[in-house]
Amino acid sequence: MKSFTLLLATVVAAVAAQSQVDDEGRLYYTSPTSGTVWTAGKNNTVAWSNVCKSENTQDLNIVLYMSTGANNGTEQVRVPDIRALGTLNCLKQKEVQVFIPETVKTGSQYSIHVDTKPLQSYSAQFTIQGTEPEVSVVPTPTGTSSVHIIMPTGIDATTPGAVSPTPSSPATSEKDTANAAGALKTLGSTAAVIGMAAAAYMF
């Protein structure tokens, strides 16, 4: 039993060592991990367990990335308008503190990126508790608005579909027209009689 336990430990160590050889050059982050929750406006910890390759002699920027949702959520881009969170020296350190700006919005698809050589180092996606995303609010009327409608000329607003004529002069009935014609006829006859009398008088 004791021999079996020792053999199992040896196998596990060998697998771990082989994994590090396969991914040589990357950082093995112990923070942040998939269960990590950082808080905006505070210092948070970036930690790793291995020593990077010797060519990484300079301080390296720690940059905040986020998933775009493409390629099954694996595609990531740098968070806009956010400068590097800090720097690390992977040959001399195993842990650093970084400050998350208060303007970072709440989300669960953040990661950090360090440009290590020969392979770049991305962390697992984790959560940041920050400012809530902005919500657009469309104002609604709180009272009743009064609308004044100017109806076109000739439209009776009290009866749907009704049209009221808008005369430019008083209407003349057929009866009035007949009376006027009769009056003119009588006046003409009278004028003729007067004319004949005047002519007889002159002769």
Side-chain angles (χ1 to χ4, degrees), residues 1-140:
M1 183 67 181
K2 195 172 185 180
S3 300
F4 176 76
T5 304
L6 181 60
L7 177 61
L8 182 61
T10 303
V11 171
V12 171
V15 171
Q18 182 62 42
S19 297
Q20 292 195 6
V21 170
D22 292 342
D23 291 333
E24 188 176 9
R26 292 193 181 102
L27 296 180
Y28 298 94
Y29 293 104
T30 55
S31 179
T33 62
S34 58
T36 299
V37 179
W38 282 2
T39 303
K42 295 184 178 181
N43 288 326
N44 298 271
T45 301
V46 175
W48 57 100
S49 61
N50 63 315
V51 177
C52 60
K53 294 284 284 183
S54 59
E55 60 252 45
N56 296 285
T57 56
Q58 299 179 345
D59 289 349
L60 303 173
N61 286 334
I62 303 170
V63 181
L64 187 63
Y65 272 60
M66 65 186 301
S67 172
T68 63
N71 295 330
N72 294 321
T74 60
E75 184 177 286
Q76 301 182 65
V77 294
R78 182 170 181 168
V79 177
D81 303 323
I82 301 293
R83 301 176 65 181
L85 304 177
T87 61
L88 61 80
N89 188 314
C90 56
L91 291 175
K92 300 178 181 179
Q93 301 168 295
K94 290 292 186 69
E95 180 179 310
V96 294
Q97 296 291 306
V98 294
F99 180 79
I100 304 299
E102 295 178 352
T103 54
V104 173
K105 293 180 171 56
T106 297
S108 60
Q109 294 182 313
Y110 289 103
S111 64
I112 58 171
H113 167 263
V114 178
D115 191 16
T116 49
K117 298 175 182 179
L119 301 174
Q120 299 182 51
S121 301
Y122 289 90
S123 73
Q125 293 184 12
F126 62 96
T127 299
I128 294 179
Q129 290 289 345
T131 58
E132 295 301 322
E134 296 180 1
V135 178
S136 299
V137 179
V138 179
T140 55

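With Ser123 as reference, Ile112 is the one residue of Thr33, Leu27, Thr30, Ile112 to meet the side chain to side chain contact (heavy atoms under 4.5 Å, CB included) rule.
With contacts defined as side-chain heavy-atom distances shorter than 4.5 Å, the pair Tyr110/Val104 qualifies. The shortest distance between side-chain heavy atoms of Ile128 and Leu64 falls below 4.5 Å. With contacts defined as side-chain heavy-atom distances shorter than 4.5 Å, the pair Ile100/Ile82 does not qualify. Counting heavy atoms from C-beta outward, Val37 and Ser108 have side chains that stay 4.5 Å or more apart. In this structure, Thr68 and Gln76 have side chains that are not in contact, with every pair of non-hydrogen atoms separated by 4.5 Å or more. Using a 4.5 Å heavy-atom cutoff, the side chains of Tyr122 and Thr74 are not in contact. Residues Pro118 and Glu55 form a side-chain contact, since some pair of their non-hydrogen atoms from C-beta on lies under 4.5 Å apart.
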Where do Thr45 and Gln97 land on the side-chain hydrogen bond (donor to acceptor under 3.5 Å, both in side chains) test, with the steps shown first?
-> CA-CA 5 Å; Thr45 301; Gln97 296 291 306; 2.7 Å; yes

Decide side-chain contact (heavy atoms from CB on, under 4.5 Å) for Leu60 and Asp115; before the verdict, give the C-alpha distance in whole Å, the side-chain angles of both, and the deciding distance to 0.1 Å.
-> CA-CA 7 Å; Leu60 303 173; Asp115 191 16; 5.5 Å; no

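Nearest heavy atom pair, residue Val96 against residue Thr87, reads CG1-O, 3.9 Å. The shortest non-hydrogen separation linking Trp38 to Ser31 is NE1-OG, 4.4 Å. For Gly25 against Lys53, the heavy-atom pair with the smallest separation is CA-CG, 3.7 Å. Nearest heavy-atom pair across Gln125 and Ser111 is CA-CB, 4.5 Å. Residues Val51 and Lys94 come closest through the heavy atom pair CG2-CE, 3.8 Å.
For Glu75, the CD atom counts as densely surrounded, since its 6.0 Å shell holds more than 12 non-hydrogen atoms of other residues, nucleotides or ligands.
In this structure, Tyr65 and His113 have tilted ring planes: the angle between them lies in the 30° to 60° band.
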